[in-house]
2 protein chains.
Amino acid sequence: MQNVLESGGASAASGLTERQGAVLEQALRLLVDGGEKALTTAGIARAANCSKESLYKWFGDRDGLLSAMISYQASKVRTLDVSAGALDAEGLRRHLVAFAKDLLAVLAGDVSLALNRLAIGQASREGSKLGHMLQERGRRQIGRRAGALLEAGRKAGLLVFHDAEEAYGALYGLIVSDWHLRMLLGEEPGEMKKGFSRRAERAVDAFLSLYGKKG
Amino acid sequence: MQNVLESGGASAASGLTERQGAVLEQALRLLVDGGEKALTTAGIARAANCSKESLYKWFGDRDGLLSAMISYQASKVRTLDVSAGALDAEGLRRHLVAFAKDLLAVLAGDVSLALNRLAIGQASREGSKLGHMLQERGRRQIGRRAGALLEAGRKAGLLVFHDAEEAYGALYGLIVSDWHLRMLLGEEPGEMKKGFSRRAERAVDAFLSLYGKKG
DNA sequence: CTCCATCAGTACCGTACGGTACGGTTCGCG
DNA sequence: CGCGAACCGTACCGTACGGTACTGATGGAG
């Protein structure tokens, strides 16, 4: 997640120069540390050792900078596709548990929480481009991985469902419940992370009990 | 939820005068309409036909006013206790479905969404009193109703679980999934509300399939 | 009627932020 | 070397907000 060192990296993928990516990195760090209120153009310029003029030249506007931050962060997250060849019951369970743990880890991450808070705060005013973007690039991405996993399970005769979206919704709800919102509201995530592993297994057990064959 | 007409109402319960309650009502309306950015002290004073000086005299501070708004709104929501005498399977299911529909309706409400956005936006900076307060007065309240319902179901031999908190978490997750977050991010709630009824029943079916006696 | 408390309305102040303009510096290129 | 582009640092401007001070009106108590 912090690998700025890779040449090109996430910057090239979005048509950004390396320097601009580094600036966005600093902006994300500012956002994580101090919240939206601390995310001033002057602060970003100071933290990134660049000038405000450059910020406006590169991103046009404060909103453009915010959008670029979300876009940049999303471009760093790549969901590994599961090679679902020859899946047995135990393998499916392991994959589901891994997915659950990854999901909880991602949602509990500093940057994810900060960006979600930012987008939610901006969601009230008309436009709400950020919320839509976060939704599209974040959830849709991880949803694809889950969808592929569920479809593979069904093809292997291990899962039974007629609506993949509904099954995914149940899986998501069983895993996350209201933990995401609680973390967004400021509950200390350190205490929560301890129970994540057990929570992931419990959720997958329940999900398999609902949608597993002869379950 | 909108019954401001009751004499005294939520104001008296919180040690507020009727006038102060009306001011908070206008503040909530401003927040719902325009988001946190529109919630300025001058705007509240203008909307409520009062002076800024009175605002500061009554609530001390802008944060105090925000806290008062959450406290005031929470004091208006009363969870009806279920008289759980003689519960059969069909009755339990009906109660659960009613709870699910109420939960979805509350979470999708304008005021709830606006207050959650406000608290989440404020959660980053140290203190995060609002998030904690919303958590305590909101979730804990509705969680009690669910807890009583679940306990009654177990006592009637209709539900089997060893950890009420875990069962409630599963119920909540199955009902809400990621819909709350999506609405907080600005997704149009109008389109969602149509499916709430069916969603509530599906969720309760799944929950009963997990925790109902004999499968 | 007089006194006093409360409150609306407004003017005011300090601050902080978004956005712009300008001087000085580095660096690549002909 | 000369030139221009990119850019850093900073100063600057307009605006908007939080919070305070003042004035005048209202209304109840003695």
Side-chain angles (χ1 to χ4, degrees), chain A residues 4 11-12 15-70 114 117-119 121-122 124-127 129-130, chain B residues 11-12 15-31 33-70 114 117-119 121-122 124-127 129-130:
Chain A
V4 200
S11 311
L16 298 176
T17 75
E18 198 170 337
R19 177 94 176 97
Q20 291 162 8
V23 169
L24 293 180
E25 201 78 38
Q26 291 301 318
L28 283 173
R29 178 166 189 81
L30 266 183
L31 177 67
V32 168
D33 287 350
E36 182 184 3
K37 158 149 183 161
L39 196 67
T40 72
T41 56
I44 295 172
R46 198 180 325 118
N49 283 332
C50 75
S51 71
K52 286 171 65 176
E53 196 173 11
S54 301
L55 290 183
Y56 285 98
K57 164 173 274 194
W58 293 333
F59 307 106
D61 198 348
R62 187 174 186 266
D63 288 351
L65 191 119
L66 267 47
S67 302
M69 287 170 62
I70 289 183
R117 291 202 186 101
L118 177 66
Q122 209 81 357
S124 53
R125 72 167 298 211
E126 212 55 40
K129 192 80 186 60
L130 298 188
Chain B
S11 312
L16 299 175
T17 74
E18 199 170 339
R19 177 97 177 94
Q20 292 163 6
V23 169
L24 293 180
E25 201 78 37
Q26 292 299 320
L28 283 173
R29 177 166 190 82
L30 267 182
L31 177 67
D33 287 349
E36 182 184 3
K37 161 151 179 161
L39 196 67
T40 71
T41 56
I44 296 172
R46 199 181 324 117
N49 284 332
C50 75
S51 71
K52 287 170 63 176
E53 195 173 12
S54 301
L55 289 183
Y56 285 98
K57 164 173 275 195
W58 293 333
F59 307 106
D61 198 347
R62 187 174 187 265
D63 288 350
L65 191 117
L66 268 46
S67 301
M69 287 171 61
I70 289 183
R117 291 202 186 101
L118 177 66
Q122 208 81 356
S124 52
R125 72 167 294 210
E126 211 55 40
K129 193 80 185 61
L130 297 188

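First the proteins, then the strands, lettered A, B, ... as listed; each starts at 1. Worth knowing before you read on, the calculation uses all heavy atoms, side chains too, and leaves out hydrogens, waters and symmetry mates.
Applying the side-chain hydrogen bond (donor to acceptor under 3.5 Å, both in side chains) test to pairs two or more places apart or on separate chains, none has a residue in residues 57-66 of chain A. Sequence neighbours left out, the pairs with a member in residues 44-53 of chain A that pass side-chain hydrogen bond (donor to acceptor under 3.5 Å, both in side chains) are A:S51-A:S54.
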>> Base contacts versus sugar-phosphate-only contacts with protein, heavy atoms under 4.0 Å: please encode nucleotides 8-24 of chain D as B, S and - from 5' to 3'.
In response: BB-------SBBB-B--
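Between B:E18 atom CD and B:E25 atom CD the span is 11.5 Å, to the nearest 0.5 Å. The structure places CG of A:D33 at 11.0 Å from CG of A:L28, a figure rounded to the nearest 0.5 Å. Here the SG-CD distance, from B:C50 to B:Q26, works out to 9.5 Å after rounding to the nearest 0.5 Å.
Here A:A38 pairs with nothing under the side-chain contact (heavy atoms from CB on, under 4.5 Å) rule; sequence neighbours left out. Legend: residues meeting side chain to side chain donor-acceptor pair (under 3.5 Å) with B:S67, ordered by chain and number and at least two apart, are absent. Among residues two or more places apart in sequence or in another chain, the side-chain contact (heavy atoms from CB on, under 4.5 Å) test is passed with B:L65 by B:I44, B:L55, B:F59, B:M69.
Rounded to whole Å, atom P of C:dC7 lies 6 Å from atom NZ of B:K57.
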Please list, for nucleotides 25-27 of chain C, all pairs of protein and nucleotide N/O atoms separated by less than 3.5 Å.
none

